[in-house]
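Computed from a predicted structure; not experimentally measured. Heavy-atom basis, side chains included; hydrogens, waters and symmetry copies ignored.
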Amino acid sequence: DAGITQSPRHKVTETGTPVTLRCHQTENHRYMYWYRQDPGHGLRLIHYSYGVKDTDKGEVSDGYSVSRSKTEDFLLTLESATSSQTSVYFCAISDPGGADGYTFGSGTRLTVV
Amino acid sequence: QQQVKQSPQSLIVQKGGIPIINCAYENTAFDYFPWYQQFPGKGPALLIAIRPDVSEKKEGRFTISFNKSAKQFSLHIMDSQPGDSATYFCAASATGTASKLTFGTGTRLQVTL
């Protein structure tokens, strides 16, 4: 999607290893979010950021950490990957008061074996 | 705790039919209700959104109906086409919460010829 890229697009990792997913935006939007998408659960918020170095937990934050050292980058780290973290991860951006809602990235499919 | 309940889980309609997807919410602080459309392998994209000061909003073939007293809102797709086959998510957010969206669990729509 224009203005927001996620990397990697696919990753297979072993249980117990740390994994970092990257979200990069070129829109200079203030807010950034990490969601996971699972069948039957829709999209659930993991963490979000409302500015550089300002982050907070979402509803499913256990086992995840985030960092935002620059406006354009928002990193999601799985500290010790578990099979329950196998999912599709989406990053999204938005601007306060913006009429365009969220812009989502194309997602990262993560498999923990 | 599921704050936005979406139904049905899946829906099959014939071309030209009018699929209706329903959502109900619990949090009375919610004041922004968007719908997102997602095609396989892609991130969700904003389709249409409504605020509670109006009861209906139309954009092309897509209409949101909103019932504030019942805490329900629905998406209607007029003259549905096979290209509308996708997964649809309703969502809600409250002012002052960094635009955090709470999503429904999604509806997989198939429009047949």
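The greatest number of non-hydrogen atom pairs below 4.5 Å with chain B, out of A:R9, A:R30, A:Q37, is found for A:Q37.
Side chain of A:Y102 to backbone of B:A45: no donor-acceptor contact under 3.5 angstrom is found. Put simply, the side chain of A:Y31 never gets that close to the backbone of B:K100: no donor and acceptor are under 3.5 Å apart.
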Stepwise side chain to side chain contact (heavy atoms under 4.5 Å, CB included) test for B:S99 and A:Y33: CA-CA 10 Å; B:S99 303; A:Y33 314 85; 3.4 Å; yes

Derivation and outcome, side chain to side chain contact (heavy atoms under 4.5 Å, CB included), residues B:L101 and A:Y35: CA-CA 10 Å; B:L101 284 172; A:Y35 283 84; 3.7 Å; yes

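Cluster annotation: B:W35 and B:V54 are assigned to the same hydrophobic cluster (Ile/Leu/Val/Met/Phe/Trp/Tyr, side-chain heavy-atom contacts under 4.5 Å, transitive). There is a path of hydrophobic side-chain contacts, each under 4.5 Å, that joins A:F104 to B:L46. When hydrophobic clusters are built by joining Ile, Leu, Val, Met, Phe, Trp and Tyr residues whose side-chain heavy atoms come closer than 4.5 Å, directly or via intermediates, B:L11 is not grouped with B:I20.
If you take NZ on B:K42 and CZ on A:F90, they are separated by 10.5 Å, rounding to the nearest 0.5 Å.
Using a 4.5 Å cut-off between heavy atoms, A:L43 contacts chain B through both its backbone and its side chain.
The number of heavy-atom neighbours closer than 6.0 Å to CZ of A:R44, taken from other residues, nucleotides and ligands shown, is above 12.
When all heavy atoms of A:G101 and B:Y32 are compared, the closest pair comes out as CA-OH, 3.8 Å.
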